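Labels below follow one simple rule: chain letters A, B, ... track the order of the sequence lines, proteins then strands, and each chain is numbered from 1. Hydrogens, waters and symmetry mates play no part in the numbers below; they use all other heavy atoms, side chains included. Just so you know, these numbers come straight off a predicted model, no measurement behind them.
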Protein chains: 2
Amino acid sequence: MWLNLMAKKALTTEEKILEAAKKVFHRKGYEGARMQEIADEAGINKALLHYYFRTKENLFDAVFKAAFREIFTKLFTTVDSNVPLEEKLKNLINEYICFLQKNSYIPGFILAELNQNPEKIIEVFKSVPVSPSLLFERMKKSVNDEKLEKTDVRELFINILSLCIFPIIARPMIQHIFEFSDEEFDQFIEKRKKELPVFIMNAIRKK
Amino acid sequence: MWLNLMAKKALTTEEKILEAAKKVFHRKGYEGARMQEIADEAGINKALLHYYFRTKENLFDAVFKAAFREIFTKLFTTVDSNVPLEEKLKNLINEYICFLQKNSYIPGFILAELNQNPEKIIEVFKSVPVSPSLLFERMKKSVNDEKLEKTDVRELFINILSLCIFPIIARPMIQHIFEFSDEEFDQFIEKRKKELPVFIMNAIRKK
DNA sequence: ATCTGGTTAAACTATGTGGTTAAACCTAAT
DNA sequence: ATTAGGTTTAACCACATAGTTTAACCAGAT
């Protein structure tokens with residue numbers, strides 16, 4: 001009795017709030033974010049904010065879990081294909097970096113909050129509908145099939161993640177020390193999409 | 001007339017404050033840190049805190065610049081040797097990861113604060129006594145000397161940084177998805193010290 | 001017409017926080 | 001003995017913030 005009755009306004013109030021909270025929390029973190037700012041961003045008032053999500057923590061948890069779910073399901077599903085390793089690597093890196101470009105605040109947001117509250121990871125990981133162990137089984141198979149250096153799959157996994165994610169969170173530093181404009185930085189990332197798979201394949205291929 | 005008169009207490013009050021502020025700011029960030037907590041951690045009271053560093057921002061800037069200086073000078077000086085590239089890489093990675101292990105909060109702290117205030121980088125980079133361009137000249141020479149794939153030095157530089165730093169800031173996540181105890185995580189990093197140089201050399205060596 | 005749930009406005013509480021102040025204390029240098 | 005700088009204590013101010021409350025408003029459902 002309370003659903004789908006809106007045709008003109010595309011977003012429900014709850015969605016508007018979550019969108020606004022996402023923006024603010026991603027940029028400023030839990031401590032830096034202000035409920036008033038979120039309300040303003042959502043175009044509503046503070047009272048309504050508390051009417052939907054009773055506390056700041058509730059709202060934050062919703063945003064945090066959503067971000068976590070997004071980045072992990074994206075990661076775990078982009079490997080779900082039957083093409084050979086090199087091809088798979090290309091797809092994974094390309095898709096994942098594209099995702100990160102569109103959601104550049106997510107990794108920094110998650111890592112920062114997680115470093116401040118490492119215990120939250122247990123709770124928050126429950127909202128991820130994909131299991132990491134499955135992913136590793138698949139990766140292990142791919143790696144063993146080919147003529148490659150003996151490679152610890154976990155090591156490889158972390159290396160791929162590092163190479164994809166770090167440049168995104170270190171953007172301000174990279175732009176400064178390389179004196180990149182915004183466009184030049186984007187080109188730099190664009191180039192990585194092509195060169196990272198080569199870099200990684202070289203690293204693990206038998207000589 | 002106001003110096004070196006202390007023999008028993010190893011640290012001056014100012015140093016005690018800076019140490020305390022470092023701990024608190026590194027763990028909680030600017031917004032999350034409380035002046036009272038810093039005072040407690042330093043074993044003094046709030047009044048004295050403001051007596052030394054008038055404002056929270058002053059104190060934070062001091063801590064931030066110190067962290068920045070530390071991590072960058074360390075990075076830039078570990079490449080300052082005349083050994084062949086592979087050796088140099090081994091040294092760099094080993095020394096840098098050791099440094100990061102001992103200062104595991106620094107990279108996350110800097111990246112988080114820099115993402116929230118990217119404009120601060122200009123000011124803060126002035127406190128780094130080493131220039132990055134010098135580093136790149138040296139790296140370029142090393143890379144061109146050997147029989148290697150044509151490699152963009154900047155790309156290589158970022159890759160090395162990514163592979164060293166990311167695992168440190170992603171520690172809570174890594175520990176959880178790999179189900180690592182603290183000891184196992186340390187072993188994981190220890191292993192990386194040896195395997196990262198191999199990984200990278202393979203990646204850039206001509207086949 | 002009325003009822004209901006979403007919504008607003010504005011005032012309000014309680015608490016925490018950065019920062020200040022003033023008085024007293026202690027100790028080492030003069 | 002006096003001075004001066006570092007230090008403590010404790011009270012204090014101004015302000016911002018999370019969260020609450022109340023009354024009124026409005027639109028769609030009954």
Discussion item. If we ignore hydrogens and angles and just use 3.5 Å, is the side chain of A:K74 paired with the main-chain N or O of A:L100 as donor and acceptor?
Written reply: no
Item to complete: Spell out, as yes or no, whether a donor-acceptor pair under 3.5 Å connects the side chain of A:N103 to the backbone of A:F99.
Response: yes
Worksheet item: Between B:I17 (CD1) and D:dT7 (C1'), how many Å, whole number?
Response: 11 Å
Worksheet item: Where along nucleotides 16-23 of chain D does protein come under 4.0 Å, by heavy atom, of base (B) or sugar-phosphate alone (S), with - for untouched nucleotides?
Response: -SBBBB--
Practice prompt. Verify whether one side chain among B:N91 and B:E87 offers a donor that lies under 3.5 Å from an acceptor in the other.
Written response: no
Discussion item. Does B:Y52 reach a base, just sugar-phosphate, or nothing at all? Heavy atoms under 4.0 Å.
Written reply: sugar-phosphate
Worksheet item: Quick one: B:L49 CG to D:dG6 P, roughly how many Å, whole number?
Response: 15 Å
Discussion item. Measure CD1/B:I44 against P/C:dC25 and give the value in whole Å, please.
Written reply: 21 Å
Worksheet item: Does B:C98 offer a backbone N or O that forms a donor-acceptor pair with the side chain of B:K193 under 3.5 Å?
Response: no
Fill in: ring-ring contact (aromatic ring centres under 6.0 Å, His included), paired with B:F64, selected from B:F25, B:Y30, B:F109
B:F109
Item to complete: Could you tell me whether the side chains of A:R171 and B:N115 share a donor-acceptor contact shorter than 3.5 Å?
Response: no
Discussion item. Could you tell me how far apart B:E14 (CD) and D:dG5 (P) are, to the nearest whole angstrom?
Written reply: 16 Å
Worksheet entry | Nearest-neighbour nucleotide for the A:L48 side chain, C:dT8, D:dT7, D:dT8 considered | C:dT8
Fill in: Distance, rounded to the nearest Å, where B:N45 contributes CG and D:dA11 contributes C1'
13 Å
Worksheet entry | Side chain of A:Y51 - closest among C:dA9, D:dG6, C:dG5 | C:dG5
